[in-house]
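First up is the structure itself, then whatever we jot down about it.
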Amino acid sequence: MNMVQYDAPAIEKKWQARWAMANSFAASSDRTKPKYYVLEMFPYPSGRIHMGHVRNYTLGDVVARFRRAKGFNVLHPMGWDAFGLPAENAAIERGAHPGSWTRDNIASMRSQLKSMGLAYDWDREFATCDPNYYQHEQLMFLKFFEKGLAYRKESWVNWDPEENTVLANEQVVDGRGWRSGAIVERRRLSQWFLKITKYADELLAAIETLERWPDRVRLMQHNWIGKSEGARVKFRLSSDTVPIDAIEVFTTRPDTLFGASFIAVAANHPLALFLGESNRDAADFLVECARLGTSQALVETAEKRGFDTGLSAEHPLLAGRKLPIHIANFVLMEYGTGAIFGCPAHDQRDLDFARAYNLPVTPVVLPPDVNQNEFKIIQEAYTGPGKLINSGDWDGLDLEAGKQAAINALEAVGAGSAETTFRLRDWGVSRQRYWGCPIPIIYCDNCGAVPVPVKDLPVTLPEDVDFSKPGNPLANHPSWKNTSCPSCGNAAIREQDTFDTFFESSWYFLRYADPKSALGFSKEAAAYWLPVDQYIGGVEHAVLHLLYSRFFTRALSEVGYLDLGEPFAGLMTQGMVCHQTYQDRNGKWLFPTEVTRNGNDWRHCKTGETVKAGRIEKMSKSKRNVVDPEIIIESYGADTARLFMLSDSPPERDMEWTEAGVEGASRFLKRVYRMANDNTLPTIGTPPPTDGEGMELVRTTHKAIYGMSQDIEGFRLNRAVAQLHTLANAIANTKGESPSIAAARRFAVETLVQLIAPLTPHIAEELWETLGHQTMLADSTWPTANERLIADNIIEIGVQVNGKLRDTILLARDCTKQEAEGAALASPTIIRYLEDRVPKRVIVVPNRIINVVV
RNA sequence: GCGGCCGUGGCGGAAUUGGUAGACGCGCAGCGUUGAGGUCGCUGUGGGCUAACCCCCGUGGAAGUUCGAGUCUUCUCGGCCGCACCA
């Protein structure tokens, strides 16, 4: 046996250089080959890769290398989602310029990624903060604007009065700005929107066609779009002391109209705002609601609170019935019409509200098999099916018929009609930030909002910006915003907002198809490469990024860029990488590198103090339960890190990073390394045996090829790793020196090296060379399983008596049911179990199981 | 609140989708190799009863459907995730 040591760092550097020299992973321009587009969600260049990246890109790399070996023309690119808030925070906190900070980060992350040995076509790399990238989206925006897909309207934002800036929901903590601590206000700002709601129905319907997406993501998108069918109902105000004569309400339950006992409007409903101007108490209540924030989860779990306006509205179908109008904290202006009618008997929120404010509760739906006299609503609203009661002519109708009757009745009196609403709202793309793509619009006192002429694109960001003053640096810049109106020539000012960074990520997958194109991308390249065959990323993007991208491909198609509906044919959402947490006795979080373990005793490496080992949680800087991929790669090698990432848990599930697991992966690679360095193996070119003692190993090898291929295609990569272990065990367990066995061992080892290549490419490439090959494994084709050799001729079958396993017998594969039954009943063990009883039935599932029923 | 996911050995997880539960790995134990430790190799490892076999129990809990349930149905307990400006 050759005693060569597995030197991962040396091997990895060697093959990374060779692949780069040969440009091994460049996508070919040959359009006759079948294509395969593998894409991982591109990273924000935070400066260092973390284990989540390692997992994401390893998964993508396995797919890319596997497809390449299967003969596809693979596109597997990488780039940088380079605009965003952290760069501005760095500028504020450390005085770094966002541009140079970002470029430095990209440089260090690129070299970290390269050390992982990922099969990227690096020639297609780009960063979205480069004007060469964002100029194209400025043109896209102008085309959207031309077509009415982009428009301006006022909307509400979280405003930090101290920093003079708009805050993201996550930057609002307990109603205060995260950095300033100032109480956040809600403000109306004029902002740009993209008309995603135009495609609401289509985006919803097409979810059905996304067969290779996880169900949960499809469901989340379905719920996000939130289509509701119901009716719009107009309630006329009883008095004319306010300049509003009716409140329009959207309801999914027009059938419960006779159970209405109040009207509630959102705190930012026009009526509420009007009252807030003249009524001190109302104003106070509105301020209180504003403090609650905009998140639906908060709104719906908060205590139901309201303000009685003293006004009332007429029931549209019941002459003389007056409904009091309240302002309520649980009504959202953003959904429906910003006003509801409350039917406490059949909606829990309405009931909670009615109990708190002493409003009547009239049941109008009687559950099946319940006596009307006994039916009482106490603390729980009834939302199930039933027949209408207390509803005049509609009594006795089921709910569907009741809805139709209600709509007919409303239409007859001109008080309403059927309506469908969506939860989905248009996408606000304006951000009051510096580090984003400038919105190419000029405001002129005479001409209004005028597009920047195409010849003047791109509108680039000024470099000399000052982050020491609060507010948007673009707005604070002394001269950048001053320009002249393209249409009348008068002095005018530029739009100072930039795009939401989801704008960049909504079309980057198209840019990769043709990254040097002067058009952004050519129609021809997009037609060949798109859709993405396999997209991989975190489930945190399940809704927004993916939905915006789906919208973008449609919108870009509408304005002539391409002809595509769905951008991502296959989607895999990977789980998080977790690690145990540690705290010292003061509760301070400790890094795993600061802790040593001895059985169940955890101690601080330096002080020797006892450490509390806590829950296994997602790796996060705040809890310090992070492991730096760079250190793992330096000490064990990228192949070990990659292998462990794939080994233990299914890709879609959360995994736990453990030292023991890394050791295990490393051990396996060393074992494979030794197997291939066995100098007793026959020379290259020795064919696998066709008979003799070696056949069992040959068959096992074919089973491994088959299983591995199936498992990679099905993304069962933890099982794929298990296949490799099984094959390695079989090689180790095959003893003997006969020519048949030696030839089989050579075949098995060589195949093992091929099969492991998508997972741990460096060691595979090295061993391929060790085994005598002159060409690179990266250029060789995937082995094919001989199906004839996979199926065993004799199989072991379980025999049950009354469903309990009692014996196993050996049977010829695909034998007849009669033969199987005969063999089972002839088994001495089964005879003993049957005693003298006569089998009533014998169920034979061919090649699976036999069940004797007595 | 609304919607969803997950509960299988000491641990991560397999189970051809209703057909022999626990593949593969980690851990642990024993033996061998080694100057010792580690590496490496072999063997064992769900629980109970056993000298061993046999047998009994076993997929969070309870019921149901079925010849047969980890898998399907209903209820229940526990853990986790998402809900519109972080990326």
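Chain letters run A, B, ... following the sequence lines, proteins first and then strands; every chain starts at 1.
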Figure out the CE/P separation between A:Met220 and B:C2, and round it to whole Å.
18 Å
Can you identify which nucleotide, out of B:G25, B:C86, B:A14, has its nearest atom closest to the A:Asn729 side chain?
B:G25
Please tell me which of the listed nucleotides, B:C67, B:A87, B:C24, lies nearest to the side chain of A:His725?
B:C24
Would you mind pulling out the nucleotide paired to B:C31, Watson-Crick or G-U wobble, both distances under 3.5 Å?
B:G41
For A:Leu424, which contact category applies under a 4.0 Å heavy-atom criterion: base, sugar-phosphate, or nothing?
base
Between A:Arg667 (CZ) and B:C24 (P), how many Å, whole number?
16 Å
Before we go on, tell me: are the rings of A:Phe503 and A:Tyr548 under 6.0 Å apart, centre to centre?
no
Taking the C1' atom in each of B:U74 and B:G82, what is the distance between them to the nearest angstrom?
27 Å
Taking the chi torsion of B:G22, is it syn (within 90° of 0) or anti (everything else)?
anti
Nearest of B:C67, B:C40, B:C86 to any side-chain atom of A:Arg674?
B:C40
When rounded to the nearest Å, what value does the distance between C1' atoms of B:G47 and B:G10 take?
13 Å
What's the closest nucleotide to the side chain of A:Ala722 if the choices are B:C40, B:C26, B:A23?
B:A23
Nucleotide B:A87, atom C1' - distance to CZ of A:Phe502 in whole Å
7 Å
Considering every strand and a 4.0 Å limit on heavy-atom distances, what is the contact class for A:Trp224: base, sugar-phosphate, or nothing?
base
Is there a side-chain polar atom (N or O) of A:Thr501 under 4.0 Å from OP1 or OP2 of B:A87?
yes
Paired to B:A69 by Watson-Crick or G-U wobble criteria (both distances under 3.5 Å) is none
For B:U76 versus B:G70, give the span between their P atoms, rounded off to a whole number of Å.
23 Å
Report the nucleotide, chosen from B:G3, B:G82, B:A87, that has the shortest atom-to-atom distance to any side-chain atom of A:Asn223.
B:G3
With the side chain of A:Val853 defined as its heavy atoms from C-beta on, choose the nearest nucleotide among B:C67, B:A87, B:G25.
B:C67
Given the P atoms of B:C49 and B:C40, what is the spacing between them in whole Å?
35 Å
Whole Å only: how far is the NZ atom of A:Lys804 from the C1' atom of B:C67?
14 Å
Minimum heavy-atom separation for A:His541 to A:Phe502, with atom names?
ND1-CE2, 4.3 Å
Rounding to the closest angstrom, what is the interatomic distance between B:U71 and B:G38 at atom P?
43 Å
Short side-chain N/O contact to B:C56 OP1/OP2 from A:Arg806, under 4.0 Å:
yes
Has A:Asn718 got a side-chain N or O lying under 4.0 Å from the OP1 or OP2 atom of B:A14?
yes
Please report, rounded to the nearest Å, how far the P atom of B:G12 is from the CD atom of A:Gln580.
12 Å
Check every atom of B:C26, B:G19, B:A15 against the side chain of A:Val845 and return the nucleotide holding the closest atom.
B:G19
For A:Asn625 and A:Met619, the nearest pair of non-hydrogen atoms, with its separation, is O-CG, 3.1 Å
Integer-rounded Å distance: B:A23 P and A:Lys703 NZ:
16 Å
Just checking A:Pro43: base, sugar-phosphate only, or nothing, at a heavy-atom cut-off of under 4.0 Å?
nothing
Could you give the distance separating B:G22 and B:G35 at their P atoms, to the nearest angstrom?
41 Å
Considering just the side-chain nitrogens and oxygens of A:Arg848, establish if one lies under 4.0 Å of OP1 or OP2 belonging to B:G18.
no
From the candidates B:U17, B:G68, B:G4, the one with an atom nearest any side-chain atom of A:Gln800 is B:G68
Checking B:U17, B:A21, B:C42 against the side chain of A:Asn733 (C-beta onward), the nearest is B:C42
How far, in whole Å, is B:A36 from B:C55 if one measures between their P atoms?
45 Å
Spacing of A:Ile849 atom CD1 relative to B:A69 atom P, expressed in whole Å:
11 Å
5'-most by nearest nucleotide on RNA chain B - A:Phe422 or A:Glu663:
A:Glu663
Under 4.0 Å between a side-chain N/O of A:Arg719 and OP1 or OP2 of B:G25, yes or no?
no
More than 12 heavy atoms of other residues, nucleotides or ligands under 6.0 Å from CZ of A:Phe193: yes or no?
yes
In whole angstrom, what separates A:Arg671's CZ from B:G25's C1'?
11 Å
Check the phosphate of B:G82 against A:Arg218, side-chain N and O only, distance under 4.0 Å to OP1 or OP2. Yes or no?
no
Quantified in whole Å, what is the P atom distance between nucleotide B:G60 and nucleotide B:A21?
16 Å
All heavy atoms of A:Thr128 vs all of A:Glu504, minimum pair found to be CB-CG, 3.6 Å
Side-chain N or O of A:Tyr833 less than 4.0 angstrom from OP1 or OP2 on B:C55?
yes
Nearest non-hydrogen partners of A:Thr734 and A:Arg745, listed with the distance:
O-NH2, 2.8 Å
With sequence neighbours excluded, tell me which residues meet salt bridge (charged side-chain N to carboxylate O under 4.0 Å, His left out) with A:Lys817.
none
Using a 4.0 Å heavy-atom cut-off across all strands, classify A:Ser647 as base, sugar-phosphate, or nothing.
nothing
Which nucleotide, in any strand shown, forms a Watson-Crick or G-U wobble pair with B:G1, with both distances under 3.5 Å?
B:C83
Show every side-chain hydrogen bond (donor to acceptor under 3.5 Å, both in side chains) that has at least one partner inside residues 644-660 of chain A, sequence neighbours left out.
A:Tyr636-A:Glu659
Is A:Gln191 touching bases, backbone alone, or none of the nucleic acid, heavy atoms closer than 4.0 Å?
base
Looking only at heavy atoms, what is the nearest atom pair of A:Val844 and A:Ala820, with distance?
CG1-CB, 3.8 Å
Opposite nucleotide pairing with B:G46, Watson-Crick or G-U, both atom distances under 3.5 Å
B:C57
Is the glycosidic angle of B:U33 within 90° of 0, making it syn, or outside that range, making it anti?
anti
